[in-house]
Each structure stands twice: as C-alpha cells, then as structure tokens.
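All values derive from a computational prediction rather than experimental measurement. Numbers here are sequence positions counted from 1.
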Amino acid sequence: MTAPAFGAILAGGESRRFGAPKALATVGSARIIDRVRAALADACQDVVLIANDAAVHADLGLRTRPDARPGLGALGGILSALLWAAEEGRSGALAVPCDMPFLSASLLRRLLADADGCDVVAPESGGRRGVEPLCAWYGVGCIPAIEAELARGERHIVGFFDDVRVRRVPLAEVRAFGEPDVLFLNVNTPGERERADRLATRGVEAGRRG
C-alpha cells in the first residue's frame with residue numbers, strides 16, 4: 001500500500017543575496033521556516049527537510065537529508081524529496097521553499113486533495129510561468145522526467161511539465177486563499193524581508209480590527 005505524501009521543506013540554497021540563513025529571519029515575530037513548517041504540518045502528517053547544512057536547522061527536530069545531487073537548485077531539491085519519498089514507498093511530496101512566509105495551509109490541503117490521477121498539482125499564480133512550482137505537489141512518477149531534464153543540462157523548474165500529467169488549481173480558486181503575490185512571496189533579500197514583515201504586521205492589525 002502506498003504511504004501518504006510527506007511535506008518537504010526545500011532549504012538547500014546558500015542565501016547569498018540575504019547574507020545569512022534567510023529561513024531563520026523573522027517575519028511578524030516568527031521565523032520564516034517556523035511559519036512554513038506550521039503550514040505544512042497542518043496539511044501533512046509528516047514533514048521533512050532538504051538542507052545541505054543540517055546543523056543550521058537542527059532545532060527543528062525534523063528528519064533531514066542533503067540534496068541528492070548538490071548544486072542543481074530548486075529542481076534538485078524537488079528531485080531529492082521525491083527520491084526520498086520513493087524510498088519510503090510514498091506517493092510523492094508536497095514541496096515548498098523555506099523562504100515563503102505566507103503559505104496557506106488551506107491551499108496546501110487543496111493541492112493534496114487534487115493529487116489522484118496526475119503527477120503534479122500546482123496553483124496558478126498569474127505570473128510569467130503561469131503556475132507556482134515552488135508550492136506544489138509532485139508524485140514520484142516525476143522522477144524520470146526530472147532526471148531527463150537534468151541530463152539535458154536544463155534546470156528550469158517547469159521544464160519537465162510537458163512530459164508529465166499536470167493539474168492546475170485555477171487562479172480564481174487560488175485567490176480564495178489569498179493574493180498570489182503575497183501567498184508566493186519569496187524572501188531572498190533583506191529588503192524582501194522588510195516588505196514581508198510589513199505585510200505580516202498589517203495582517204495582524206487587520207485581524208485585530210476584525
């Protein structure tokens with residue numbers, strides 16, 4: 001029997017533009033990675049971490065593995081999570097980055113609910129890629145397509161989508177969980193952290209007024 005997908009936090013980057021481990025930065029009084037973990041844990045029974053420096057995140061107490069093939073960016077992180085999932089007999093992984101502080105647990109559950117009969121479930125974003133591939137469910141059936149993409153020397157995160165069965169969550173549905181430019185905001189620089197902190201503070205204030 002296939003085990004349920006786990007939630008995988010991708011933290012294999014070096015945070016060069018941030019100047020320090022960005023996942024440990026604070027947004028709205030909580031570390032970004034704690035916010036990410038809380039959202040994932042609300043959607044998945046098991047949460048794991050893909051990180052090349054496990055010591056940085058040791059206090060999380062999560063099962064952790066490094067990238068199976070270091071230096072391949074986010075696509076390599078997704079592959080690492082799927083290889084781990086396949087090893088454990090799981091259906092796939094709900095993959096999210098460590099630097100996305102406004103993830104919606106409800107949206108993550110929506111992605112999982114649509115996973116039967118396809119290889120990828122990704123929310124539409126309204127951006128240039130059409131979908132947000134760093135907040136998506138990936139089935140283990142994606143492994144050959146990702147490996148073929150990497151063998152061609154390509155690392156585009158959606159480059160293999162034409163070779164697998166992709167199901168999109170329509171943009172109108174995504175907006176029921178929040179605005180995409182906030183839901184999928186990545187914190188890569190100190191300026192982006194400041195913007196995220198302002199957004200988090202406004203959210204708290206709006207909640208108090210409500």
Compare every heavy atom of [Y] with every heavy atom of [X], then report the nearest pair and how far apart it is.
X    : Y    : value
V120 : C142 : CG2-SG, 3.6 Å
L171 : P180 : CD1-CG, 3.7 Å
I78  : P133 : CD1-O, 4.3 Å
L79  : E147 : CD1-CG, 4.1 Å
A93  : A81  : CB-CB, 4.2 Å
A196 : V187 : CB-CG2, 4.0 Å

May I ask you to test the [X]-[Y] pair for a side-chain heavy-atom distance under 4.5 Å?
X    : Y    : value
L75  : H156 : no
V164 : Y138 : no
I50  : L10  : yes
V47  : I9   : yes
V140 : R90  : no
H57  : T64  : no
P97  : N186 : yes
R31  : D59  : yes

Among D114, D119, D116, whose salt bridge (Lys or Arg N to Asp or Glu O under 4.0 Å) with R165 holds?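 Among D114, D119, D116, the one meeting salt bridge (Lys or Arg N to Asp or Glu O under 4.0 Å) with R165 is D119.
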
Assess the residue pair V174 and E132 against the criterion (side chain to side chain contact (heavy atoms under 4.5 Å, CB included)); give the C-alpha distance rounded to whole Å, side-chain angles, the decisive distance to 0.1 Å, and a yes or no. CA-CA 11 Å; V174 173; E132 180 45 72; over 6 Å; no

Does [Y] offer a backbone N or O that forms a donor-acceptor pair with the side chain of [X] under 3.5 Å?
X    : Y    : value
R35  : P101 : yes
R193 : T26  : yes
D42  : S106 : no
R155 : G71  : yes
R168 : A122 : no
R37  : L62  : no
S80  : A68  : yes
E192 : T189 : yes
D197 : G28  : yes

Using the ring of each side chain (for Trp, its six-membered ring), is F6 parallel, tilted or perpendicular to W84, with breaks at 30° and 60°?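 Rings of F6 and W84: perpendicular, over 60°.
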
Determine, step by step, whether F184 and L107 satisfy the side chain to side chain contact (heavy atoms under 4.5 Å, CB included) criterion, reporting the C-alpha distance in whole Å, the side-chain angles of both residues, the deciding distance to 0.1 Å, and the verdict. CA-CA 11 Å; F184 308 133; L107 174 58; 3.9 Å; yes

Stepwise side chain to side chain contact (heavy atoms under 4.5 Å, CB included) check, V36 with C98: CA-CA 6 Å; V36 172; C98 66; 5.7 Å; no

Atom [atom1] in [X], atom [atom2] in [Y]: separation rounded to 0.5 Å?
X    : Y    : atom1 : atom2 : value
L183 : F177 : CG    : CZ    : 9.0 Å
S91  : W137 : OG    : CH2   : 5.5 Å
C44  : L112 : SG    : CG    : 5.0 Å

The test is side chain to side chain contact (heavy atoms under 4.5 Å, CB included); show your working for I33 and L49 and say whether it passes. CA-CA 10 Å; I33 198 163; L49 180 69; 4.2 Å; yes

Side chains of R198 and T201: is there a donor and an acceptor less than 3.5 Å apart?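 No.
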
Do R152 and E154 sit within salt-bridge range, that is, some charged N less than 4.0 Å from a carboxylate O?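 Looking at R152 and E154, the cut-off is not met.
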
